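The structure appears right after this line, and notes come after that.
First listed ligand is number 1; within each ligand, the first listed atom is number 1. What you see is a predicted model; the values in this text were computed from it and never measured. These values consider heavy atoms only, across backbone and side chains, with no hydrogens, waters or symmetry-generated copies.
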Amino acid sequence: MVARRKINKFTVATAAIIVLVFVSMLPARKKENKKQLSTGERFHHETTLTWRGVLGDVFGAKPKKPPQYKTYPGAEKVKLPKPEYRGVVLEDAIEQRRSVRNYSKKPISTAQLSQLLFAAQGVTGKTYGQPLRSAPSAGALYPFEIYVVANNVQDLPRGIYHYSVLDHALELVKAGDFRSKITDAGLEQEMLGDAAVTFVLSAIFDRVRHKYGERGFRYVYIEAGHISQNIYLQSVSLGLGSVCVGAFLDEKVNQLIDVDGRKEAAIYLHPVGAL
Ligand SMILES: Cc1cc2nc3c(=O)[nH]c(=O)nc-3n(C[C@H](O)[C@H](O)[C@H](O)COP(=O)(O)O)c2cc1C
């Protein structure tokens, strides 16, 4: 019995050493001359996965996990109507989707806004008690926060609101008319101020970095696309127009939603307006 236990310990220790030696022999990443790489190429290269990188990510130092839900204690809260709209069939929505940059002056309703936010990040299920959302997320870590620059929504005063996912409500961040500020921050793309609402998709990087390390940045950008497509297709189904906007002055948008641009930063804008 004692001998067997010794052999088992010996076998496990030997196996562990073999694995460690093998892994240490794996290339971390193919050596590239950093000077020859552009910033974008370096980003891609340095977030490339290798087996050694995976193990490094498992054992390496990572940031602390930030809270899963951002809240604005004391903020004025606006409960959104239940998202129960049923519109065009998916295949028609895919066929009809186009980027729309001209909107009428008609407001959208709070029911339509509710449906758009639900499509973007609404809670649609649960696993082991943890809420799951409408768009996929690496490790179900949900790095995104959604801000609504409300320009022209029935029964909703103009202002910037934060979408509170768990109670499907809006929290008022700043009251006021931000149409010219969001247009200015978006390189004068007029649809940002003309739209009934402009969504700002903003990411808290450490929500994914604490698990996936630097690779997590890639997951954030990929995830923005999932959310964007949901907003596009939901807009079609509601008979509204939308376009995703990647060209904006980061610092100005970050200032508008009061985030530092490092731990949390605006990634994508999405105006939606009536036709
Ligand atoms: C990552 C990304 C960034 C984009 N940024 C902008 C933008 O800043 N302004 C804009 O008007 N359209 C923007 N678009 C929309 C594209 O111009 C549009 O999708 C493309 O012309 C194809 O047209 P469609 O969407 O109608 O099929 C962006 C699209 C993507 C995927």
Side-chain angles (χ1 to χ4, degrees), residues 38-45 47 87-105 108 112 115-117 119-121 133-138 142-152 160 178-205 208 215-257 259 261 264-275:
S38 70
T39 306
E41 284 170 332
R42 252 185 41 225
F43 166 76
H44 191 78
H45 175 66
T47 54
V88 307
V89 296
L90 177 67
E91 289 75 10
D92 289 337
I94 291 172
E95 248 180 51
Q96 289 165 25
R97 187 208 62 80
R98 269 291 69 83
S99 291
V100 179
R101 300 174 181 85
N102 292 308
Y103 315 114
S104 73
K105 296 211 177 318
I108 65 166
Q112 287 174 319
Q115 201 65 47
L116 288 161
L117 285 165
Q121 279 291 274
R133 305 189 195 174
S134 53
S137 175
Y142 303 109
F144 276 90
E145 298 292 331
I146 300 194
Y147 293 85
V148 182
V149 182
N151 299 328
N152 194 10
I160 299 182
F178 292 94
R179 287 177 296 177
S180 62
K181 285 219 161 127
I182 190 71
T183 307
D184 171 48
L187 300 165
E188 298 303 329
Q189 299 190 72
E190 285 179 359
M191 66 271 192
L192 296 165
D194 292 346
V197 290
T198 286
F199 296 116
V200 180
L201 278 48
S202 155
I204 298 179
F205 298 109
V208 268
R215 178 83 173 180
F217 278 89
R218 283 207 210 185
Y219 298 161
V220 164
Y221 301 123
I222 293 168
E223 194 169 320
H226 294 304
I227 298 172
S228 162
Q229 186 73 354
N230 278 7
I231 297 173
Y232 260 120
L233 295 177
Q234 183 62 78
S235 299
V236 173
S237 179
L238 288 164
L240 304 171
S242 187
V243 57
C244 59
V245 171
F248 57 85
L249 300 171
D250 297 64
E251 211 177 318
K252 285 198 173 182
V253 177
N254 290 333
Q255 274 170 9
L256 214 52
I257 58 169
V259 300
E264 178 174 353
I267 305 291
Y268 226 4
L269 306 181
H270 233 295
V272 182
L275 299 175

key: N or O contact, Val245 vs ligand 1, cut-off under 3.5 Å   = no
query = Which protein non-hydrogen atom lies closest to atom 13 (C) of ligand 1, naming both residue and atom, and how far is it?
reply = Cys244 O, 3.0 Å
ask   = Can you tell me which residue and heavy atom of the protein come closest to atom 3 (C) of ligand 1, and the distance to 0.1 Å?
value = Gly246 N, 3.7 Å
remark   = Under 4.0 Å from one or more heavy atoms of Met191, ligand 1 contributes atoms 11 (O)
ask   = Which of the numbered atoms in ligand 1 are below 4.0 angstrom from a heavy atom of Arg97?
value = 24 (P), 25 (O), 27 (O)
ask   = Taking atom CG of Asp92 as the centre, does the number of heavy atoms from other residues, nucleotides or ligands within less than 6.0 Å exceed 12?
value = yes
query = Are any of the protein's heavy atoms under 4.0 angstrom from atom 30 (C) of ligand 1, yes or no?
reply = yes
ask   = Are any non-hydrogen protein atoms located under 4.0 Å from atom 20 (C) of ligand 1?
value = no
message = Checking a contact table here: which protein heavy atom is nearest atom 27 (O) of ligand 1, and how many Å away?
response = Arg98 NH2, 2.7 Å
query = Can any side-chain N or O of Ser228 pair as donor or acceptor with the backbone N or O of Ala224 at less than 3.5 Å?
reply = no
key: atom 1 (C) of ligand 1: nearest protein contact (heavy atom, Å)   = Tyr268 OH, 3.3 Å
inquiry  = Looking only at protein heavy atoms, which one is nearest to atom 12 (N) of ligand 1, and what is the separation?
reply    = Arg101 NH2, 3.2 Å
message = If you count heavy atoms of other groups shown closer than 6.0 angstrom to CD of Gln96, is the number above 12?
response = yes
remark   = Of all protein heavy atoms, the one nearest atom 9 (N) of ligand 1 is Gln189 OE1, 2.8 Å
ask   = Do the side chain of Asn254 and the main chain of Ser202 share a donor and acceptor less than 3.5 angstrom apart?
value = no
task = May I ask you to decide if the ring planes of His270 and Tyr268 are parallel, tilted or perpendicular, using 30° and 60° as cut-offs?
result = perpendicular
query = How close does the nearest protein non-hydrogen atom get to atom 8 (O) of ligand 1, and which residue and atom is it?
reply = Ala247 N, 3.2 Å
key: Reported CG-to-CD1 distance for the pair Leu201 and Ile146, which is rounded to 0.5 angstrom   = 4.5 Å
ask   = For atom 23 (O) of ligand 1, which protein heavy atom lies nearest, and how many Å away is it?
value = Ser99 OG, 4.1 Å
ask   = With no hydrogens and no angle check, is any side-chain donor or acceptor of Thr183 less than 3.5 Å from a backbone partner on Gln189?
value = no
Qualifying residue, where the test is ring pair (Phe, Tyr, Trp, His ring centres under 6.0 Å) with Phe205 and the options are Phe144, Phe217, Tyr219 = Phe217
inquiry  = Any side-chain to backbone donor/acceptor pair from Tyr142 onto Gln121? Under 3.5 Å, distance only.
reply    = no
